[in-house]
There are 2 protein chains.
Amino acid sequence: MTRLAGSSKLLRAMNESALLELLLERGSLTRGELRELTGLSKPTVSDVLRRLTAAGLAVQVGQTSGGRGPNAEIYAANPAAGHAAAISIRETADTPRAMISTALCDLTGAVVAQAEASVDFGTEAGPAEVVATAVERLCREADIVPGQVQQVEIGLPGSYDPASRTIRHIDVPGWGRRGLIDDLAKRLDTTVTVENDVNLAAIAERSRGIAGDCDSFALVWFGEGLGLAIDLGGALIRGARGGAGEIGYIPVGLDQDARRTDLQDLLGGSAVLALASQHGLTDAATAASALASAAEAAVTSNADGANGTTGEAAGGRAAFLGALAARIAWALAGIAAIVDPALIVLGGELARAGGPLLADRVSAALRTISPLDTTIAVTGVSGDPVLLGALDSALRAVRNTLLTNLKNEVRAA
Amino acid sequence: MTRLAGSSKLLRAMNESALLELLLERGSLTRGELRELTGLSKPTVSDVLRRLTAAGLAVQVGQTSGGRGPNAEIYAANPAAGHAAAISIRETADTPRAMISTALCDLTGAVVAQAEASVDFGTEAGPAEVVATAVERLCREADIVPGQVQQVEIGLPGSYDPASRTIRHIDVPGWGRRGLIDDLAKRLDTTVTVENDVNLAAIAERSRGIAGDCDSFALVWFGEGLGLAIDLGGALIRGARGGAGEIGYIPVGLDQDARRTDLQDLLGGSAVLALASQHGLTDAATAASALASAAEAAVTSNADGANGTTGEAAGGRAAFLGALAARIAWALAGIAAIVDPALIVLGGELARAGGPLLADRVSAALRTISPLDTTIAVTGVSGDPVLLGALDSALRAVRNTLLTNLKNEVRAA
DNA sequence: CAAATAGAAAGTAAGACTGACTTACAATTC
DNA sequence: GAATTGTAAGTCAGTCTTACTTTCTATTTG
């Protein structure tokens, strides 16, 4: 970062930016509070607020009462000064159709419209058209025009390569087309960004989940595929080619067999399902449901001994839980040794099914193989973490744009 | 980062800071160049330079000539405005003594004193005393007083835990004492910092080695122990407890044997030496010398067929090289999958012995097990990377202190 | 109990201060 | 002579200090 130089115009822009940022962060503040927080004088705070209000960026939202002296005016960022849209594309296990969840929020973060639908991208109109229509529907519901949406963030299982202008590693039909995002951006006339779904879930984990006050944490995602997001002080590691967190490819075992195995073969959804049936849980349709029944059995047997279930089946369930925890711990040991996060969060269907019990077992297993006693926890986000993370990320981008625009107007003037 | 607000005093501090930073970065500049780089007006640049010169932070170092018009004055940061010292503590393999390398540089980064010695910390005075004496000797040599050294950075195989005020994971006698660094800081009356040696080598790799223009890179260090440093855009990952990069503990193999193996058992110095003797290289004293002879043999046999050495021995050497490369690639695959660095640098004695040949073999082996084609290279730092990295790091700290001090004087005034 | 009054805080107005900018100009070198 | 460096003088923008008005609460007083 080069330190910047400038004249009084820069100063004005900086002060406007600082005040707006405070309003965005804290919600609403009086002039006096702003004066204390910034160190600026009373007249200056009034001036800057006047300019922000005139520009439509701030509004007066009320007055204090009860205190001595006149009631202070309360200001807040203008909710209508910007909007952010989030789109989550999710493959479904049972059908060839994909789920598309969408949400729209204003500058304060309040969700003003939301929708969910099932789409077959193979037969219907192209992805750009589907997303554009969804955004337009959100706008109608929120009674704004699409031009007021400054940012659309799309979360999906894959990663965007800006060099080739394509989405990589995605299985949903139609989404691999080159230039798709450019077309969408042109169609909607806004900024459109694409982000890996696990990364977005990590953003939600920090802003709404269990990782709020961690310096750093890693989110390991257990779906059909295996995912990892690493958050260092709020910044995600994406990697040189967007490949950071592709831990499914980590080799396991040193080529003893002709067949090479990797982490995906050990902890992918079907691998876990296979592990469950090895332990006698043959009736589960998904890995998550197998784990849920195993976890339930473990809790029940703890509570009042073997009741109803045969000892053999209960033993199999406990062994399944233990074997799964050992495998997970083995994967976490590498992550812990390389980046040493303060916390590792387990996410995805499987982790939710396992609950705190799984976290405990994994934690115990990890302590036997790693000298770092990293905290292990299950995701604390309620709701769709990918959609919420996309909303947070888009909102942050919109706010940042507003704040830096204030500074850049220095040059234009 | 909270955006800051302020008045004209802040502006002045910012402009002073911006100009000084440019002088530090570019070495020397004329007023005209400063005007172009900052966008400030001619009188302002003159004013700011006058203030910096009066404060002893900048000096006029010459004049241009040959151009049309009067010769422009050339300014530079004042070399005497700050000094940084670096200390590298290195265990030696053959004796119980440790090596202590020291260097001192001025604000421009020019090394003004340097020394190296062998010390037995077990019998001689405590580490604090040894380091303090070494710094004082450097100061005498450079003809400055110790008070002019704003920062002393110590690099060693271990990590500093600020919470307990102790150095962790260090084998050199005396260095594990609690409060050692505080005592040293008090004794020298400067800031003293401790950093892991591999992290410092990574800093040197970026500033003087092969990783200068990478977005991100990982440095894997092959000594008796195994080390890893990860640099993301110039910032090192240290981990929540300073444990990032302790890859020796990564478990290998899923408990097939009763004995659990980890990466240290596979790639530590003695493990590599054992691997070499398995392949018939029984006469080497260290892993590095075994690899050097294997690499030399490979190059020679490439050049003009088997000459002198028996086919059997040559085959053993080639097989050793291949087996080692496979093991290294296996370790790198995990790192690549988790952080996806643009480049992985191999460092330490072993990597230097292996040279580009080793890098090629590792690269080829990695491509068979990882979908990311991460570039692999051998360290490009000549000289002692730990000492040079410590010098760079200390110098950066000194410069940063100067720059931020300029800003903080706003409050004092 | 009601009215008057003191006190405190919010916000504004006026003028001072600081720092950078623009314009103009002297000096220097090819 | 032309271009360039550096300075001097005066202007401009933005914030600060000080003083004042207004508004509301709490306390005192009849």
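In the text below, chain A, chain B and the rest are named by the order of the sequence lines, each starting its count at 1. Side-chain atoms are counted along with the backbone in the values below, which use heavy atoms only and exclude waters and symmetry mates.
A:R208 and A:D392 are joined by a salt bridge, as a carboxylate oxygen and a charged side-chain nitrogen come within less than 4.0 angstrom of each other.
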Under 3.5 Å donor-acceptor pairs involving side-chain atoms of residues 52-63 of chain A, not counting sequence neighbours:
| from | atom 1 | to | atom 2 | distance (Å) |
| --- | --- | --- | --- | --- |
| A:T53 | OG1 | A:L49 | O | 2.7 |

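Here the rule is side chain to side chain contact (heavy atoms under 4.5 Å, CB included) with A:L184, and of A:I154, A:V194, A:T190 only A:I154 fits it.
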Collect all protein-nucleotide pairs involving nucleotides 20-22 of chain C in which both atoms are nitrogen or oxygen and the distance is under 3.5 Å.
| from | atom 1 | to | atom 2 | distance (Å) |
| --- | --- | --- | --- | --- |
| C:dA20 | OP1 | B:N15 | ND2 | 2.8 |
| C:dC21 | OP2 | B:S41 | N | 3.0 |
| C:dC21 | OP2 | B:S41 | OG | 2.8 |
| C:dC21 | OP2 | B:T44 | OG1 | 2.6 |

Atom pairs, N/O to N/O, protein against nucleotides 21-27 of chain D, distance under 3.5 Å?
| from | atom 1 | to | atom 2 | distance (Å) |
| --- | --- | --- | --- | --- |
| D:dT23 | O2 | A:P70 | N | 3.2 |
| D:dC24 | O4' | A:G69 | O | 3.3 |
| D:dC24 | O2 | A:G69 | N | 3.3 |
| D:dA26 | O4' | A:R68 | NH2 | 3.1 |

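We find that CZ of A:R35 is positioned 14 Å from C1' of C:dT12, with the value rounded to whole Å. Distance NZ (B:K407) to C1' (C:dG19): 17 Å, rounded to an integer number of Å. Distance CD (B:E73) to P (C:dA27): 16 Å, rounded to an integer number of Å.
Take B:E136 and apply the salt bridge (charged side-chain N to carboxylate O under 4.0 Å, His left out) test, not counting sequence neighbours, and it matches B:R187.
In the set D:dT7, D:dG14, C:dG11, the nucleotide with an atom closest to the side chain of A:R31 is C:dG11.
Considering only side-chain N and O atoms, A:S46 lies nowhere under 4.0 angstrom from the phosphate OP1 or OP2 of C:dG11.
For residues 394-404 of chain A, the set of pairs meeting the side chain to side chain donor-acceptor pair (under 3.5 Å) definition, not counting sequence neighbours, comprises A:N400-B:R3. For residues 43-71 of chain A, the pairs satisfying salt bridge (charged side-chain N to carboxylate O under 4.0 Å, His left out) are A:E16-A:R51, A:D47-A:R50, with sequence neighbours left out.
Closest of all the heavy-atom pairs between B:Y75 and B:L23 is O-CD2, 3.6 Å.
Counting heavy atoms from C-beta outward, B:I144 and B:V112 have side chains that stay 4.5 Å or more apart.
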